[in-house]
Novice: 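Could you have a look at this structure, given as structure tokens, before my questions?
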Amino acid sequence: MQLIDGKQIAHDVHTETRAAVEALKARGITPGLAVVLVGADPASRAYVRSKDKMSKELGLHSVKHELPAETTQEALIALVKQLNADPAVHGILVQSPPPPHIDEAAVIQTIDPRKDVDGFHPLNVAKLALDDPTGFVPCTPLGCQRLLLASGIDPAGKHVVVLGRSMIVGKPLALLLMAKGKGGDATVTVVHSRSKNLPELTRQADILIAAIGRPGFVKAEHVREGAVVIDVGINRVEDPSKEKGYSIVGDVAFDEVAPKCSLITPVPGGVGPMTIAMLMANTVKACQQITGA
Ligand code: NAP
């Protein structure tokens, strides 16, 4: 069994991004990313701050808007429209989930699809389904694909089983890996909470990707000998031995699954660092496409 080192692969992506940012700057263009947070959810605040920090480290122009939880839908939409019109901003991300009074779908649809670096706008979802490379693919699925390719795993012809069908991870990941061409061409099965005989289905996977948000759900019985396992899950579980009182664990019961795998991602340090790396890469792509550089 070999561990897939997400931190190292994310570092390599950042190196490419930094070089692309420098090339743009040499032409007088600075890629800009705007991140908007509504409310004070501690996990969301931590994500937004790390995105802002990474943008700055890579030489991007970073704009951070931290708005109070009582911000109205109208005010949020007005801010998104202002960012759409701002020529210094090439990527816009509104941190999910917003407070319950905000209609998230309406906010996403307001983002200029050319600046939708999260890839959630319906136009970008359609472009992914249409194999149109000018679209934006959500960062976590893109990161999973990159982890596979960087580890020498070509999905072409492999049976990939994706556990979970969310619009953030499972569904776009299935589309990405079944797309024609490099990094795709896989035979994809998607399973979810209504699937029957789950272990029987997941045991067929050459590559098993778990994205369900259930700590340690994937057990040895779900995995065939020699499979590649990608664990997208980020779950907080109580852990009195830790200073914070919790630990972060994945959707895979690592200790019993790892010995059966050829390759597996750890949590943390697997998919997690890739998500932010692909966000930065998407922002550079948006800048290149908008400016024609
Ligand atoms: P989500 O929107 O809650 O979707 C979960 C999916 O898993 C749903 O399709 C659900 O099925 C399925 N599911 C839930 N329980 C199941 C069960 N017992 N058996 C079979 N399927 C089950 O979650 P998400 O946003 O995709 O996130 C999934 C996990 O990935 C979470 O732990 C999240 O924190 C993590 N995540 C990590 C990153 C990262 O950067 N690494 C990014 C995003 C998410 P139904 O559709 O039938 O309900």
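These numbers come from a predicted model, not from an experiment. Ligands are counted one by one from 1 in listed order, and the atoms in each one are counted from 1 as well.
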Novice: Would you say the side-chain atoms of Lys25 pair up with the backbone N or O of Gly59, donor to acceptor, closer than 3.5 Å?
Specialist: yes

Novice: I want to confirm something. Looking only at heavy atoms, which of Gly164, Ser166, Pro141 is nearest to atom 23 (O) of ligand 1?
Specialist: Ser166

Novice: Run Asp41 and Arg45 through salt bridge (charged side-chain N to carboxylate O under 4.0 Å, His left out) and show every step you take.
Specialist: CA-CA 6 Å; Asp41 174 66; Arg45 276 179 85 152; over 6 Å; no

Novice: Got the closest protein heavy atom to atom 42 (C) of ligand 1, with its distance?
Specialist: Thr140 OG1, 3.2 Å

Novice: Run the numbers for me: atoms of ligand 1, each under 4.0 Å from some heavy atom of Thr275, listed by number.
Specialist: 39 (C), 40 (O)

Novice: Considering only protein heavy atoms, which is closest to atom 47 (O) of ligand 1, and at what distance to one decimal place?
Specialist: Ser193 OG, 2.5 Å

Novice: Have a look at Val232, Ile212, Ile276 and point out the one with the heavy atom closest to atom 30 (O) of ligand 1.
Specialist: Val232

Novice: Nearest non-hydrogen contact with atom 28 (C) of ligand 1 belongs to which option: Pro97, Pro172, Ala211?
Specialist: Ala211

Novice: Are any of the N or O atoms of Val191 closer than 3.5 Å to those of ligand 1?
Specialist: no

Novice: Among all protein heavy atoms, pick out the one at the shortest distance from atom 33 (C) of ligand 1; state its residue, atom name and that distance to 0.1 Å.
Specialist: Ile234 N, 4.0 Å

Novice: Specify the protein heavy atom at minimum distance from atom 19 (N) of ligand 1: its residue, its atom name, and the distance to 0.1 Å.
Specialist: Phe217 CZ, 3.7 Å

Novice: For atom 8 (C) of ligand 1, find the nearest protein heavy atom and state the residue, atom name and distance (0.1 Å precision).
Specialist: Arg165 N, 3.9 Å

Novice: Which is it for Asn235 and ligand 1 at heavy atoms under 4.0 Å: side chain, backbone, both or neither?
Specialist: side chain

Novice: Mark up the atoms of ligand 1 that fall under 4.0 Å of a heavy atom belonging to Gly213, in ascending order.
Specialist: 28 (C), 29 (C), 31 (C), 32 (O)

Novice: Check Gly250 against Asn235 and note the closest heavy-atom contact, atom names and distance.
Specialist: O-ND2, 3.1 Å

Novice: Any side-chain donor paired with an acceptor under 3.5 Å for Asp86 and Gln82?
Specialist: no

Novice: How close does the nearest protein non-hydrogen atom get to atom 43 (C) of ligand 1, and which residue and atom is it?
Specialist: Val169 CG2, 3.8 Å

Novice: Does the side chain of Ser96 come under 3.5 Å of the side chain of Glu104 through a donor N or O and an acceptor N or O?
Specialist: yes

Novice: Is there a donor-acceptor contact under 3.5 Å from the side chain of Asp251 to the main chain of Gly216?
Specialist: no

Novice: May I ask you to say whether Arg49 pairs ionically with Glu66, meaning some side-chain N is under 4.0 Å from a carboxylate O?
Specialist: yes

Novice: So does Ser241 get a backbone contact from the side chain of Asp239, meaning a donor-acceptor N/O pair under 3.5 Å?
Specialist: yes

Novice: Look only at the side chain of Asn84 and the backbone of Asp112, and say whether a donor-acceptor pair between them is shorter than 3.5 Å.
Specialist: yes

Novice: Give a yes or no on whether atom 3 (O) of ligand 1 lies under 4.0 Å from any heavy atom of the protein.
Specialist: no

Novice: Below a 4.0 angstrom heavy-atom separation, can you tell me which part of Arg214, side chain or backbone, both or neither, approaches ligand 1?
Specialist: side chain

Novice: Would you say the side-chain atoms of Thr110 and Lys81 include a donor-acceptor pair closer than 3.5 Å?
Specialist: no

